[in-house]
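Beneath this line is the structure, given in structure tokens, with notes to follow.
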Amino acid sequence: MLMSYAMYSGQHNHGMDALSIRYLGHQPIAIKTLLGSGKGQITFDRVAIDDAVRYAAEDADVTLRLWQAFKPNLHRVQVTTVYETLERPLVPVLAEMEMAGIRVDGQVLSRMSNAFAQKMAGLEAEIQEIAGEPFNVGSPKQLGEILFDRMGVEGGEKGKTGAYATGADVLEDIATLEDVNPKAARLAATVLDWRQISKLKSTYTDALQQAINPETGRVHTSYSIAGANTGRLASTDPNLQNIPVRTEEGRRIREAFVAGPGLRLVSLDYSQIELRILAHVADIPELKQAFREGIDIHALTASEMFGVPLSEMTPEVRRRAKAINFGVIYGISGFGLARNLRIPRAEAQGFIDRYFERFPGIKTYMDATVAFAREKGFVQTLFGRKIHTPEINAKGPTAGFARRAAINAPIQGAAADIIRRAMIRMPEATRDLPAKMLLQVHDELLFEVAEGETDRLITAAKDTMEGAAHPAVALRVHLAVEAGQGRNWAEAH
DNA sequence: TAGTTCACG
DNA sequence: ACGTACGTGAACTAC
């Protein structure tokens, strides 16, 4: 059995300790007393066996006693079915995935780290040259002072700490000022390049090398089954749910995630699952029809909103509609859409108004969801998962956050429920296949399978994913799953 | 340890 | 008038 980093460092049961104190009136043995802390800290495999036994036995005992304490509550708040169908059976599935791990080629990562280091050194020299003085490029505070105080860029906004904001959106704006402030524009553009490489190196190519288990040659993440409020999983130590994919340079990191000898990686991901869920729960005829007919959903939205025939759709109009579709899922606001599309707020609000005019059922659904949350203090997914909304009746800016979260939760949560159902059925659905499920990335499952069995795996896993809502929920929209395969994750995607 | 930034869906 | 896209985790700086 593999020992996770969380176990080594004793970070896995702080939540349980608090529950034990609160509900059982019992302070469990603190892991710190066994491992020590600071320089002399040891790992769990070095703990004296008697101490380890006492600790582990108490851990199991507290778990049982907490279960006994909580079981009546499950029934009282009507989440027994959710617990028994979406939570408990997922635990062994996640355990298998964590133990399986995924093979990562450390040499590939090492070569990339070296290349990144060279590139960063060059960019750093360029940055110091433009700035006219040496400074820590990784310090947003120092960068802000140089751009806004020394180089005279206007419109700097300071955050809570009094430092100028220098996030990517700010730097991108400055980078367009070639005519007004060419030096600052070049500096901002170069820092953006440096930041991207720096991120890839520190968070991925460097950190992942450290995460390779020397015994397995594989990286073993930990999944939190209760990590996210909406029912999504969370992945930690390392997080394998945020491996780069959006940029070409970032995507190459996925080339280091490889299949074992004689094996292939297969990736299956739900296509537009959240918009499909929205089409179902809000019961929008046009959206349901578009999914039924396999029409490009963003193009359809654009066509409906802007009156452009599908045959005359342009990429720019489609891009706007896509941002609106995403915005709707997130509990759209004029401000947020304006910022995302970089258009005036009034214009963004106009888009939203037109969207709701064209799809009145969406507005009705959103209002009903918020009203439900206000009255009950929670919202629910199609599968009965409850997401609590304690701030929904708050005043001030908090109200806006709570409102948007309440709108998003049933949609994001239902998608999470569906992929959980697929994962729970997957061992049975693939029992005759030499395949292992390795990773879940919210709407994607990644498998490792014997060469020559990829087609059979894709058929079985795809069917399982596409049928995962049934029979609990009769979705009025079909679910579509796209599949890919390759020697590494970049190829498989 | 808080704040900032940025990687993903 | 205010301040906002939803959900996460990790690295880094600066206090």
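Letters A, B, ... are given to chains in the order of the sequence lines, protein chains preceding strands, and every chain is numbered from 1. These numbers were taken from a predicted model, which means no experiment stands behind them.
- Among the atoms of the strands shown, base atoms are found under 4.0 Å from some heavy atom of A:I332.
- Comparing C:dA10, C:dC6, C:dT8 by their nearest atom to the side chain of A:A234 picks out C:dT8.
- Protein atom CZ of A:R320 is 20 Å distant from nucleotide atom P of C:dA5, rounded to whole Å.
- The phosphate of C:dA14 (OP1 or OP2) has a side-chain N or O of A:Q142 nearer than 4.0 angstrom.
- Side-chain N/O atoms of A:Q241 and A:S235 include no donor and acceptor closer than 3.5 Å.
- A pairwise comparison of heavy atoms in A:A483 and A:L268 identifies CB-CD2, 4.0 Å as the closest pair.
- Side-chain N/O atoms of A:R404 include one lying less than 4.0 angstrom from OP1 or OP2 on C:dC6.
- For A:L208 and C:dG9, the CG to P distance is 17 Å, given to the nearest whole Å.
- A salt bridge between A:R358 and A:E286 is present, with a side-chain N of the basic residue lying under 4.0 Å from a carboxylate O of the acidic one.
- Side-chain atoms of A:T236 lie closest to C:dG9 of the nucleotides C:dG9, C:dG7, C:dA5.
- Counting heavy atoms from C-beta outward, A:Q440 and A:L94 have side chains that stay 4.5 Å or more apart.
- Using modelled atom types, no side-chain atom of A:S267 and backbone atom of A:G484 make a donor-acceptor pair closer than 3.5 Å.
- Among the atoms of the strands shown, only primed sugar atoms or phosphate atoms (P, OP1, OP2) are found under 4.0 Å from some heavy atom of A:A165.
- Residue contacts for A:D443: at a heavy-atom cut-off of 4.0 Å it reaches the sugar-phosphate backbone alone, with no base atom in range.
- Within the 4.0 angstrom heavy-atom criterion, no nucleotide atom of any strand lies near A:A409.
- Using a 4.0 Å heavy-atom cutoff across all strands shown, A:G327 reaches at least one base atom of the nucleic acid.
- Taking the P atom of each, C:dG3 and B:dC8 are spaced 30 Å apart, rounded to whole Å.
- At the heavy-atom level, A:R195 lies under 4.0 Å from the strands shown only through sugar-phosphate atoms.
- When the P atom is used for both C:dT4 and B:dT5, the distance is 13 Å, rounded to whole Å.
- At the heavy-atom level, A:T161 lies under 4.0 Å from the strands shown only through sugar-phosphate atoms.
- With respect to A:D193 and A:K119, no salt bridge is recorded, no charged nitrogen being found less than 4.0 Å from a carboxylate O.
- The residue A:S235 sits close only to the backbone: its heavy atoms come under 4.0 Å of sugar-phosphate atoms, none of a base.
- Within the 4.0 angstrom heavy-atom criterion, base atoms lie near A:R345.
- Residue contacts shown for A:G334 are absent, as no nucleic acid heavy atom lies under 4.0 Å away.
- Counting non-hydrogen atoms under 4.0 angstrom, A:A323 reaches a base of the nucleic acid.
- Between the P atoms of C:dC2 and B:dA7, the separation comes to 32 Å (whole Å).
- OP1 or OP2 of C:dT13 lies within a sub-4.0 Å distance of a side-chain N or O belonging to A:N136.
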Pairs under 3.5 angstrom only: tabulate donor-acceptor contacts from the side chains of residues 320-331 of chain A to other protein residues two or more places apart or in another chain.
unit_1, atom_1, unit_2, atom_2, d
A:R320, NE, A:E316, OE2, 3.3
A:R320, NH1, A:E347, OE2, 3.4
A:N325, OD1, A:T301, OG1, 3.2
A:N325, ND2, A:H298, ND1, 3.0
A:N325, ND2, A:T301, OG1, 3.0

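- Checked against C:dT13, C:dT4, C:dG9, the side chain of A:P140 finds its nearest nucleotide in C:dT13.
- Rounded to whole angstrom, the span from the CD1 atom of A:I343 across to the P atom of C:dA5 amounts to 16 Å.
- Put simply, chain A comes within 4.0 Å of DNA chain B, heavy atom to any atom, from B:dG3 to B:dG9, going 5' to 3'.
- Among the heavy atoms of the strands lying under 4.0 Å from A:G167 are primed sugar atoms or P, OP1, OP2 only; no base atom is included.
- In this structure, A:K183 does not pair ionically with A:E129, as no charged nitrogen and carboxylate oxygen lie closer than 4.0 Å.
- We find that CZ of A:F326 is positioned 16 Å from P of C:dG7, with the value rounded to whole Å.
- Electrostatic pairing of A:E87 and A:R420 counts as a salt bridge here, judged by a charged N lying under 4.0 Å from a carboxylate O.
- Put simply, CD on A:Q241 is 12 Å from P on C:dT8, counting in whole angstrom units.
- Residues A:K363 and A:D367 are paired through a salt bridge, judged by an N-O separation under 4.0 Å between the basic side chain and the carboxylate.
- Side-chain N or O atoms of A:Q128 include one that pairs as donor or acceptor with a backbone N or O of A:F135 at under 3.5 Å.
- Under 3.5 Å, the side chains of A:D149 and A:Y164 contain a donor-acceptor pair of N or O atoms.
- Residues in residues 132-144 of chain A take part in these salt bridge (Lys or Arg N to Asp or Glu O under 4.0 Å) pairs, two or more places apart or across chains: A:E133-A:R150, A:K141-A:E145.
- Rounded to whole Å, atom C1' of C:dG9 lies 13 Å from atom CZ of A:R232.
- In this structure, the CG atom of A:N239 is 17 Å from the P atom of C:dG7, given to the nearest Å.
- Using a 4.0 Å heavy-atom criterion, one finds that A:F335 contacts the bases of the nucleic acid, with or without backbone contacts as well.
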How would DNA chain C look in dot-bracket form, 5' to 3', counting Watson-Crick and G-U wobble pairs with both distances under 3.5 Å and writing | for bases paired to another strand? .....|||||||||.
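- Within the nucleic acid shown, A:K199 comes within 4.0 Å of at least one base atom, counting heavy atoms only.
- Atom NZ in A:K160 sits roughly 16 Å away from atom C1' in C:dC15 (whole-Å rounding).
- Remark: A:R111 engages no residue in a salt bridge (charged side-chain N to carboxylate O under 4.0 Å, His left out) (not counting sequence neighbours).
- Of the candidate nucleotides C:dC6, C:dA11, C:dG9, C:dC6 has the atom lying nearest to any side-chain atom of A:A405.
- Between A:D169 and A:R339, at least one side-chain N (NZ, or NE/NH1/NH2) sits under 4.0 Å from a carboxylate O, which counts as a salt bridge.
- Contacts between residues 149-157 of chain A and DNA chain B, defined by a heavy-atom separation under 4.0 Å, are absent.
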